[in-house]
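Here's the structure, in structure tokens; my notes come after.
All of these numbers come straight from a predicted model, not from anything done at the bench. Keep in mind that the numbers below use all heavy atoms, side chains included, and drop hydrogens, waters and symmetry copies. This chain uses plain numbering: 1 for the first residue, then up along the sequence.
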Amino acid sequence: MASVPEIAANTTFAASPDRLLDSHGRIITDLRVSITDRCNYKCVYCRTGQVGAQYAELTTAEYLRLIRNFVDLGIEKVRLTGGEPLLRRDLPHMVRELATWRTPAGDPLDLAITTNGHLLEDLAAPLKAAGLSRVTVSMDAAGPSGQATFERITRIPGSYAAVVRGIRAAQQAGFERVKVNCVLLRGFNDDQIEAFAQFAREENVIVRFIEFMPLEEDRLWTPEMVVPLREIVERLSKVFPLRPLAPNSPSETARRYGFADGIGEIGIIAPVTQAFCGACSRIRLTSDGKIRTCLFSHREHDLYGEMRQGASDENLRAFIVRTLISKEARHHIGEPGFLKPSRSMVHIGG
């Protein structure tokens with residue numbers, strides 16, 4: 001079990017129990033929880049050809065208890081991720097329970113999910129009824145010409161049509177402005193930028209391009225595979241003129257752009273070329289109950305292990321606060337000596 005520093009009596013936890021701060025003064029309000037590392041896709045930028053779980057999953061009650069302690073410390077947003085979270089049959093029950101909770105300020109939790117969308121067609125309406133706030137769908141090619149590219153990346157036949165049906169089902173269920181995330185890999189799907197702009201306009205979704213990060217199992221990442229923010233903006237502007245939009249919050253990760261004619265929105269998340277670590281508000285919980293303070297952390301902090309050993313909720317909250325002291329100031333992608341984390345994105349949680 002990873003050790004954490006001792007916490008002094010006059011730390012933020014004692015002075016302000018409804019705010020979770022790290023040692024760099026950043027307010028931590030967003031919790032991302034991987035509720036499985038199983039996935040029904042085998043995307044080349046994420047994992048090998050193996051589909052099964054490699055780490056243990058917790059029960060719904062165990063996840064809820066851990067999440068509850070984060071919320072009691074001031075977490076306002078909870079995003080359920082994976083793996084593929086829709087593979088868990090108890091997901092609607094988990095969402096229904098979380099939707100009844102309130103933050104220390106008395107506000108309802110902002111509940112979101114990131115999914116590959118393959119199973120969303122049947123689950124969108126039940127999840128909306130359970131109280132889910134927002135849906136983000138991962139999708140790596142768009143339009144009829146992108147179907148072959150999409151299935152080459154996911155390595156699953158028929159996946160493109162299922163995801164499009166899932167997106168439309170989410171809209172019909174009442175989810176407003178569904179977000180669609182596209183990880184761009186040069187040589188794989190960088191020809192899809194313009195097609196995604198058209199998709200955003202036609203389907204009334206917010207498309208967000210994400211720079212490829214070194215978090216895949218197959219270790220194929222190189223700097224040359226990254227399609228940078230500047231190139232994305234230049235290519236989009238040649239097809240549909242863009243106008244910058246204000247961020248929704250200081251900690252928002254995406255640079256937002258609207259089309260000049262007012263139809264559609266694009267976001268670009270550029271952790272490699274335009275790092276936003278200084279405003280990071282996130283903390284992560286892996287599917288086996290370990291805290292990761294950064295996607296690129298080399299240390300994990302076994303919160304579930306503490307719970308299994310009989311820790312009280314007060315002890316668990318103190319463990320979380322101590323862990324936040326060690327949250328990294330920034331990542332070091334592209335710098336000499338940079339080492340990829342031992343776990344890939346599918347095991348950490350997107």
Examine the side chains of [X] and [Y] and answer whether a donor and an acceptor come within less than 3.5 Å of each other.
X	Y	value
E84	T115	yes
E202	Q198	yes
E234	S237	no
S159	T154	yes
R38	T36	yes
S281	D30	yes

Can K128 be said to sit on top of F175's aromatic six-ring, NZ or CZ under 6.0 Å from centre and within 45° of the ring axis?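 Geometry flag: set, cation within 6.0 Å and 45°.
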Lys NZ or Arg CZ of R201 over F259 ring: under 6.0 Å, within 45°: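 So R201 does make the cation-pi contact.
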Set of residues satisfying salt bridge (Lys or Arg N to Asp or Glu O under 4.0 Å) with respect to D191, sequence neighbours excluded: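 Here no residue qualifies.
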Do the side chains of R186 and E224 get close enough for a salt bridge, i.e. N-O under 4.0 angstrom?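 Answer for the salt bridge query: no.
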Residue pairs, two or more places apart or on separate chains, that pass salt bridge (Lys or Arg N to Asp or Glu O under 4.0 Å) and touch residues 159-180: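 Checked against salt bridge (Lys or Arg N to Asp or Glu O under 4.0 Å) - neighbours excluded - the pairs reaching residues 159-180 are E121-R165, R168-E203.
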Under 3.5 Å donor-acceptor pairs involving side-chain atoms of residues 140-147, not counting sequence neighbours:
unit_1: D140; atom_1: OD1; unit_2: Y45; atom_2: OH; d: 3.4
unit_1: D140; atom_1: OD1; unit_2: V183; atom_2: N; d: 3.3
unit_1: D140; atom_1: OD2; unit_2: Y45; atom_2: OH; d: 2.9

Walk me through whether T286 and R292 qualify under side-chain hydrogen bond (donor to acceptor under 3.5 Å, both in side chains). CA-CA 7 Å; T286 65; R292 291 185 68 93; over 6 Å; no
